[in-house]
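In what follows, every heavy atom counts, from backbone to side chain, and hydrogens, waters and symmetry copies are set aside. Protein chains get the first letters and strands the later ones, always in sequence-line order, with residue 1 at the start of each.
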Amino acid sequence: MVRLRYAPSPTGDPHLGNIRTAIWSWLYAKKMNGQFIIRIEDTDQARTIDGATDRILNSLSFLGIDWDEGPTTSGKYGPYIQSKRKETYVKYAEELVQSDLAYYAFETPSELAAIREEQKKQGLPPGYDGRGRLINKTQAKEFLDKKIPYVIRFKMPQEGETSFTDLIRGKITVQNKTLDDLIILKSDGFPTYHFAHIIDDHLMEITHVTRGDEWIPSTPKHVAIIAALGWELPIYVHTPIILGPDGGKLSKRHGARSVLDYKEDGYLPQAVMNYLAMTGWALDDKTNIISIDELKKHFDLHQLLPNPATFDEDKLNWLNGIYMREMPLDELANILQKQLTKDLNEDISLETLKKIVPIIQERINKINEITNIAGFFFKKDFQFTDLEILHKNILENNVEKTITVLLSIIEKFEKIDEKKLITANVEQLLRSNAEANNIKPGKLFMLLRIIVTGQKVSPPLFETIEIVGKNKVIQRLQTAIQKLS
RNA sequence: GCCCCCAUCGUCUAGGGGCUAGGACGCCACCCUCUCAAGGUGGAAACAGGGGUUCAAUUCCCCUUGGGGGCACCA
């Protein structure tokens, strides 16, 4: 059975590239009827942020990703938080020292910095020069007894080459002489990422190591350590990064960045999942829209593309709009009600909203656009925020005539029964009014649109008038006349 | 500096030794139309360059160029 894991560090919110790897891993586990595990990699206590784990888990939940084992779940391979597994790493590190595959080293960070400085000056690649290998066991024991801080370094092979297979790139080979003796246990007793993930992935029986492709250069070191431990290599899947529109790293500069930001910005989880799953992977030559169920059926790690992709917000927006339009009216109404309540701080009638949804569904791409599109339906203290557009759109540039026409419309509206003020009647009434006054219907509609909605862009006018209702419409017409006088 | 990875329309991609190089987003035009959308129809738009291999290369190999990443007691 395949077992894949998502192993984030609790140092911040997951961003798109990072979560895409999680999505792919999860989808593949689902497809293969395998298991998906969450492991928190918090071996750097200094960088660990309070609450980050919760936010990571929330990001996953938002997308509908579940897990078989993880920090909030029990499982026979736990604990799933690395800081709770310290002794395990120490044990394996000490064993490697015992078998002479690793050694204690006593350089201080500043000494190491000096070594690198010197190498840089000489145009050499920076890296540990292996001087700790020269310290014999007795000396080492002496230092240890004196409580001199130490790290444990792994003895990298110095000759030959190391190869491994990356699932989406094939065989990758490096010369061992480019590998230096890396630290596996830090002086604070915590393991480094390089060591901890190897131990955990083995103990947790992870079959596919999925991670960002920035790890490719250090994978040969991991391979060497795994060989020293006598363990089997996992299948490596190094996923490319997602670039910002400027070709650089995706960052705050490019708008929302973390998954939670996208949630906040009104994106639907299906859309984010669809977009992310299909950037770097394609089902065939024509599929652009795909459900989560279909993804679970068809997604395959073997088809991943090796090249980095550029984030395309337009396409995400388009996809989100597709899903917004596909959503059942009631479901959409519920979601929009929450957004409006939050934005307007008013009681939003679900009944009214259900009438509005059909006429705005094709006009909305993101949940949080609803307030701009339809907020005017609910604002109690309706004002013309922009008097200028009212003045600019009066009929035939003639205030008096405009007022006369508006008064005649008020008169007609007043005579009509509220129940009869429905779309078809409103349209008929307004069209004949325009004809009677010899004005272009379009001009009249635009003026009324501004008066009723306060906006130049709005949902269809007649439906809008019906939903806003007789009294409010008349009120707004009167306000407009006042403002024009 | 050394090492590694990547390269099809602006973007996401399909394809792969012989194709009019396909789809989608975005863009443009037209249709629909009370604004804006949505929808429909059509259009412009790509195999980075140079060498090989081959009857044939965009596809395979090499180099160049360009882009990205790594070389921490961070992950």
Open item on the list: When you compare the side chains of A/T423 and A/E466, does any donor N or O come within less than 3.5 Å of an acceptor on the partner?
Closed with: yes
Open item on the list: Classify A/L461 by what it touches in the nucleic acid, base, sugar-phosphate, or nothing, heavy-atom distance under 4.0 Å.
Closed with: base
Task: With A/T165 via side chain to side chain donor-acceptor pair (under 3.5 Å) - residues at least two apart - done: none
TODO: Quick one: look up who B/A56 pairs with, Watson-Crick or G-U, both distances under 3.5 Å, and put none if it's unpaired.
DONE: none
- [ ] Identify whether the distance between the nearest side-chain nitrogen and carboxylate oxygen of A/E294 and A/K297 falls below 4.0 Å.
- [x] yes
Open item on the list: Between B/A44 and B/G52, how many Å separate the two C1' atoms, rounded to a whole number?
Closed with: 35 Å
Open item on the list: Once you apply a heavy-atom cut-off of 4.0 Å, does A/S9 come out as touching a base, just sugar-phosphate, or nothing?
Closed with: sugar-phosphate
Open item on the list: Is there a side chain to side chain donor-acceptor pair (under 3.5 Å) between A/N18 and A/Y6? Walk through the geometry before answering.
Closed with: CA-CA 9 Å; A/N18 189 265; A/Y6 174 51; 2.4 Å; yes
TODO: Tell me what A/P109 touches on the nucleic acid: a base, only sugar-phosphate, or nothing, going by heavy atoms under 4.0 Å.
DONE: base
Open item on the list: I'd like the P distance from B/A38 over to B/G22, given in whole Å.
Closed with: 26 Å
Task: Residue matched to B/C2 through Watson-Crick or wobble contacts both under 3.5 angstrom - done: B/G70
Open item on the list: Could you work out, with salt bridge (Lys or Arg N to Asp or Glu O under 4.0 Å) as the rule, every residue matching A/K420, not counting sequence neighbours?
Closed with: none
Open item on the list: Reading RNA chain B from 5' onward, which residue's closest nucleotide shows up sooner: A/K456 or A/Y275?
Closed with: A/Y275
- [ ] Select base, sugar-phosphate, or nothing to describe what A/R449 touches, counting heavy atoms under 4.0 Å on all strands.
- [x] base
Open item on the list: Using a 4.0 Å cut-off to any heavy atom of chain A, which nucleotides of RNA chain B are the first and last in contact, reading 5' to 3'?
Closed with: B/G1 to B/A75
Task: Who pairs with B/A44 - Watson-Crick or G-U, where each distance is under 3.5 Å - done: none
Task: With sequence neighbours excluded, residues passing side chain to side chain donor-acceptor pair (under 3.5 Å) with A/E107 - done: A/Y128
Task: Donor on one side chain, acceptor on other, A/D42 and A/T48, under 3.5 Å - done: no
Task: A/Y89 and A/D200: side chain donor to acceptor below 3.5 Å - done: yes
Open item on the list: Exactly one of A/H238, A/H202, A/H197 should register a ring pair (Phe, Tyr, Trp, His ring centres under 6.0 Å) with A/H222. Which one does?
Closed with: A/H197
- [ ] Can you tell me the pairing partner of B/G16 across any strand shown, Watson-Crick or G-U wobble, with both distances under 3.5 angstrom?
- [x] none
Task: P spacing across the pair B/C25 / B/U41, given as an integer number of angstrom - done: 12 Å
TODO: Could you check which nucleotide pairs with B/A38 in any of the strands shown, counting Watson-Crick or G-U wobble with both distances under 3.5 Å?
DONE: none
- [ ] Report which part of the nucleic acid A/K120 touches: base, sugar-phosphate, or nothing (heavy-atom distance under 4.0 Å, all strands).
- [x] nothing
Open item on the list: For a quick check of understanding: with a heavy-atom distance under 4.0 Å over all strands, which category does A/P459 fall into, base, sugar-phosphate or nothing?
Closed with: base
Task: By side-chain contact (heavy atoms from CB on, under 4.5 Å) - contacts of A/K354 (at least two apart) - done: A/D330, A/A333, A/L350
Open item on the list: Could you tell me how far B/C30 sits from B/G17 if I compare only their C1' atoms? Round to whole Å.
Closed with: 41 Å
Open item on the list: Within residues 276-291 of chain A, which residues have any heavy atom lying less than 4.0 Å from an atom of RNA chain B?
Closed with: A/M278, A/T279, A/G280, A/A282, A/D284, A/D285, A/K286, A/N288
